[in-house]
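The structure under discussion appears below in the form of structure tokens.
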2 protein chains.
Amino acid sequence: MTSSDAHLSRDERRRRTESTILDAARELFADAGFERTTIRAVAAQAGVDPALVMQYFGSKEGLFGAATRWNGEHESILTATSDTLAAAAIDDLLSHFEHADDREAAVALMRNCLTHPTALAAMRDQVMCERKEAVAAAIEGEDAQLRAGLFAACMVGLGMVRYLIKLEPVASASPEALHRLMEPALQALLAAPAAAAPGPTDPS
Amino acid sequence: MTSSDAHLSRDERRRRTESTILDAARELFADAGFERTTIRAVAAQAGVDPALVMQYFGSKEGLFGAATRWNGEHESILTATSDTLAAAAIDDLLSHFEHADDREAAVALMRNCLTHPTALAAMRDQVMCERKEAVAAAIEGEDAQLRAGLFAACMVGLGMVRYLIKLEPVASASPEALHRLMEPALQALLAAPAAAAPGPTDPS
DNA sequence: TTTGACGGTCAACGCGCGTAGAGTGAAATG
DNA sequence: CATTTCACTCTACGCGCGTTGACCGTCAAA
């Protein structure tokens, strides 16, 4: 950060530094999780003083919130029809976790969503809920909400097992193989319930 | 822990105390995660001095390892045939997370498997790997390992969404509804790859 | 009855963390 | 040029954590 930015204007330099800190934070939050990541480590990786991180983001919480912001644009699932839902969901997963710029942010959010309140809330109330509604809207039937939720659960499981737990051979499977094997299963989940139990879903 | 156990023999009293500590640890690890759970809090909940916890388990790591031990007995998936796999897997999930005595242990393991090295290793190398092999052995075909892994991923996703993220209506759905909706999807995952893509449908 | 082992407690240490506030020097402003 | 603004650093505080070793009372063995 002290090499080739002496010519930049003040606020551009500031934006640059802020973004460097955010990148460092994303990487560490994604790799080690919230609790095991220290402000000092983020600052060191960004080549900056720890106090500056506090000054910019207010607190470690603030830094985490700024670093793990889910980018819901370009989600093909939001515009999919009932028979392209499965493929769209897999495409979205791959794009978020493999080619996207915000890959680290997605990993960081997912890594921490079981242990960090903010990440949990974001995961449930933003990421999952919105996508679940999109799926539920695209299918019909009495169990639409539940089926959409289970659909989301399978996608979450796939993401966690592939990108965080890294269970082989799921972690190294090709996108084509994922599409080929997962799509029929997801479509079975979305298909109208044949004729099993009558009556609505009743929690016992 | 000082009420009605004065009459117990020394080593039985010791075992009782140890188990009380383990119960407290499981509950806190399951609710708050490893990092947010303090030895002091575990000791307080067990009605015991923090130093005793160290004396028994050596370290916080040791306590965590002892508290989150996966109980792989009575798993019906290990003896299932290819067409009962899906039902067996759902039954196992329900039994581990709802009526089992080690429910807290299962939740604790799952809650921490994304952020704690020991929990991650246990999850991947014990829990998932063993069950994945059982599934792979019960089905045939070229992608048996991958399909078994994706099967496991869906089950992990279901568990996390239902018991940790608690996304509605998945969290409150009845066991019957889970069976009814998930089984067809899981079976589609295990079925031999039909003829969707120009893929190598493997003859035996 | 003496003696030792052992379940359990007490007080404290040292470290690393998040955080705060004063300070510095260069860029913007007039 | 004088002044202000602002990105950034330095130093340090206070707290809570995991962990330790000395200590106490009681039960079992000799």
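What you see is a predicted model, and the numbers here were worked out from it, not measured in a lab. Convention: sequence-line order gives letters A, B, ...; per-chain numbering from 1.
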Atom [atom1] of [X] and atom [atom2] of [N]: how far apart are they, to the nearest Å?
{"X": "Asp49(A)", "N": "dA12(D)", "atom1": "CG", "atom2": "P", "answer": "14 Å"}
{"X": "Ile21(B)", "N": "dG18(D)", "atom1": "CD1", "atom2": "P", "answer": "14 Å"}
{"X": "Leu63(B)", "N": "dG18(D)", "atom1": "CG", "atom2": "C1'", "answer": "12 Å"}
{"X": "Leu52(A)", "N": "dT19(C)", "atom1": "CG", "atom2": "P", "answer": "15 Å"}
{"X": "Glu61(A)", "N": "dT19(C)", "atom1": "CD", "atom2": "C1'", "answer": "14 Å"}
{"X": "Phe57(A)", "N": "dA7(D)", "atom1": "CZ", "atom2": "C1'", "answer": "14 Å"}
{"X": "Gln55(B)", "N": "dG18(D)", "atom1": "CD", "atom2": "P", "answer": "17 Å"}

Subject >> Of Ile90(B), Val135(B), Asp92(B), the residue whose pairing with Met155(B) passes side-chain contact (heavy atoms from CB on, under 4.5 Å) >> reply: Ile90(B)

Original post:
OP1 or OP2 of dC8(D) less than 4.0 angstrom from a side-chain nitrogen or oxygen of Arg13(A), does that happen here?
Top reply: yes

Original post:
Does dG7(C) have OP1 or OP2 sitting under 4.0 Å from an N or O in the side chain of Tyr56(B)?
Top reply: no

Subject >> More than 12 heavy atoms of other groups within 6.0 Å of Asp11(B) CG >> reply: yes

For [Y], is there any backbone N or O sitting under 3.5 Å from a side-chain donor or acceptor partner on [X]?
{"X": "Asn112(A)", "Y": "Ala119(A)", "answer": "no"}
{"X": "Lys60(A)", "Y": "Thr37(A)", "answer": "yes"}
{"X": "Thr68(B)", "Y": "Phe64(B)", "answer": "yes"}
{"X": "Arg147(A)", "Y": "Ala191(A)", "answer": "yes"}
{"X": "Arg36(B)", "Y": "Leu28(B)", "answer": "no"}

Original post:
Judged by modelled atom types alone, do Asn71(B) and His96(B) share a side-chain donor-acceptor pair under 3.5 Å?
Top reply: no

Original post:
Between dG21(C), dG8(C), dA7(D), which nucleotide has the shortest distance from any of its atoms to the side chain of Thr17(B)?
Top reply: dG8(C)

I'd like a table of atom pairs between the protein and nucleotides 16-18 of chain C - only N or O on both sides, under 3.5 Å - with the distance next to each one.
| from | atom 1 | to | atom 2 | distance (Å) |
| --- | --- | --- | --- | --- |
| dG18(C) | OP1 | Lys60(A) | NZ | 2.9 |
| dG18(C) | OP2 | Ile39(A) | N | 3.1 |
| dG18(C) | N7 | Arg40(A) | NH2 | 2.8 |
| dG18(C) | O6 | Arg40(A) | NH2 | 2.8 |

Original post:
Hey, does Arg162(B) have a side-chain heavy atom less than 4.5 Å from the side chain of Phe97(B)?
Top reply: no

Expected rows: protein N/O vs nucleotides 28-30 of chain C N/O, under 3.5 Å:
| from | atom 1 | to | atom 2 | distance (Å) |
| --- | --- | --- | --- | --- |
| dA28(C) | OP1 | Arg10(A) | N | 3.3 |

